[in-house]
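If you read the sequence from its start, that first residue is 1, and numbering goes on from there.
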Amino acid sequence: MSSSTTARTARRRTLRVAAAALVAAAGLTLTACSGANAAGPKPAAHTDKSAAAADSSAAGWSGLQSTPAKAGAAAETSAKSGKAASPVRTQRLADGISTAEISKLGDQHYRAKIVARGAVLATMETNKGDAGLDANDMFVTLTLDGQVHSWMGGGHQGPGTFKLAGGWTAKVTKTGDAHYRAQIIGHDGVAATLEANQQDTGVDANGIYIVLSAGGVISAHA
């Protein structure tokens with residue numbers, strides 16, 4: 001091969017290498033520009049993610065509030081902390097030692113904690129009806145309007161029929177283990193029926209407060 005031919009071949013190779021280098025450089029430039037464009041919106045994308053996180057957080061709270069089970073759990077936690085059912089008032093009871101801490105839970109829904117020397121001895125709660133308690137011969141009623149009445153003694157051990165305060169008669173029968181029933185009878189017949197099934201119960205009978213215990217003891221007080 002002649003020297004001139006060799007020179008021309010070398011020049012072609014040099015041009016091809018230079019062209020390849022230019023293409024590679026252009027490719028790097030495009031890649032770099034593409035990377036700059038991808039990196040450019042990142043702050044905005046980061047801001048969007050923060051906003052999305054805030055929206056997600058708000059949605060999470062909304063979900064917690066609207067889900068019955070979660071809402072119930074939150075209410076229960078608040079109740080345990082004493083915030084949902086803080087005492088409305090405190091009332092001393094007939095034994096002179098105990099007090100009733102009365103809390104309002106809802107419409108015609110009250111709770112009374114019987115406390116003595118800092119210890120909770122019993123809890124009463126109205127649930128679509130009045131509540132009653134026989135606390136070692138001290139009788140306590142909690143009515144649907146949150147009123148507490150207490151008295152000492154005057155109990156009758158059932159089964160049997162007994163005359164009560166206010167002209168009422170109670171017919172007490174045993175229907176099972178720790179389960180007694182009392183028919184409260186007035187001039188016009190049976191006015192109310194009390195069921196003490198594993199726990200005491202009570203009623204406000206026109207201003208006469210009656211308690212029936214799960215042990216069959218009944219007492220009334222005006």
Side-chain angles (χ1 to χ4, degrees), residues 79 84-222:
S86 56
V88 174
R89 67 183 187 282
T90 300
Q91 179 177 327
R92 187 167 294 279
L93 300 180
D95 63 357
I97 300 172
S98 308
T99 58
E101 294 181 357
I102 306 144
S103 306
K104 184 173 184 178
L105 306 180
D107 186 30
Q108 294 189 329
H109 191 180
Y110 286 83
R111 177 183 297 148
K113 291 182 180 180
I114 310 303
V115 181
R117 299 185 177 92
V120 178
L121 305 180
T123 300
M124 306 169 64
E125 189 169 326
T126 59
N127 184 14
K128 298 180 181 179
D130 304 328
L133 175 69
D134 176 3
N136 295 326
D137 209 36
M138 178 179 72
F139 298 92
V140 185
T141 60
L142 173 65
T143 62
L144 284 171
D145 59 355
Q147 299 302 311
V148 169
H149 301 269
S150 65
W151 65 96
M152 300 296 298
H156 305 280
Q157 177 64 61
T161 301
F162 311 100
K163 292 292 184 181
L164 302 180
W168 296 105
T169 298
K171 183 179 180 180
V172 180
T173 56
K174 183 174 183 178
T175 60
D177 186 27
H179 187 180
Y180 283 81
R181 177 181 296 127
Q183 291 181 317
I184 309 302
I185 304 168
H187 299 296
D188 299 324
V190 177
T193 300
L194 297 178
E195 291 278 351
N197 186 1
Q198 307 297 320
Q199 67 178 33
D200 304 342
T201 187
V203 69
D204 173 5
N206 294 334
I208 304 298
Y209 304 98
I210 305 171
V211 170
L212 174 66
S213 76
V217 175
I218 192 165
S219 181
H221 191 264

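Atom OG1 of residue T175 and atom CZ of residue R181 lie 5.0 Å apart, to the nearest 0.5 angstrom. We find the NE2-CD1 distance between H149 and I210 to be 12.5 Å, quoted to the nearest 0.5 Å. Here OG1 of T143 is found 8.5 Å from OH of Y110. Values are rounded to the nearest 0.5 Å. Atom CD1 of I114 is separated from atom OG1 of T99 by 7.5 Å, given to the nearest 0.5 angstrom. Atoms CD and CG, on Q147 and D204 in that order, are 10.0 Å from each other to the nearest 0.5 Å. A distance of 10.5 Å separates CG in L133 from CG in L142, rounded to the nearest 0.5 Å.
Using a 4.5 Å heavy-atom threshold, the side chains of L164 and I208 count as separate. Counting heavy atoms from C-beta on, the side chains of T201 and E195 never come closer than 4.5 Å. Between N206 and W168, some side-chain heavy-atom pair lies under the 4.5 Å cut-off. The closest side-chain heavy-atom distance from L105 to E125 is below 4.5 Å. With a 4.5 Å cut-off on side-chain heavy atoms, D130 and Y209 do not count as touching. With a 4.5 Å cut-off on side-chain heavy atoms, Y180 and P159 count as touching.
Residues passing the side-chain contact (heavy atoms from CB on, under 4.5 Å) test with Q108 are L144, sequence neighbours excluded. Scored by the side-chain hydrogen bond (donor to acceptor under 3.5 Å, both in side chains) test, K163 finds T169 as partners (sequence neighbours excluded).
Closest of all the heavy-atom pairs between I97 and A116 is CG2-CB, 4.4 Å. Listed here is the closest heavy atom pair of A220 and A165: CB-N, 4.1 Å. Contact record, V140 with S150: CG2-CB, 4.1 Å, taken as the closest heavy-atom pair. For A182 against I218, the heavy-atom pair with the smallest separation is CB-CD1, 3.8 Å. Between T126 and H109, the shortest heavy-atom contact is O-CD2, 3.0 Å. Between K104 and V88, the closest heavy-atom pair is N-CG2, 3.4 Å.
At least one donor-acceptor pair under 3.5 Å links the side chain of S219 to the backbone N or O of G153. With Q198 contributing its side chain and D177 its backbone, the two residues share a donor-acceptor pair below 3.5 Å. Proximity of a side-chain donor or acceptor of E101 to a complementary backbone N or O of V115 within less than 3.5 Å is not detected. No donor-acceptor pair closer than 3.5 Å links the side chain of Q183 to the backbone N or O of T173.
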### Derivation of the side-chain contact (heavy atoms from CB on, under 4.5 Å) call for F139 and V217
CA-CA 10 Å; F139 298 92; V217 175; 3.9 Å; yes
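Taking a 6.0 Å sphere around CD of Q199, one finds it holds 12 or fewer heavy atoms contributed by other residues, nucleotides or ligands.
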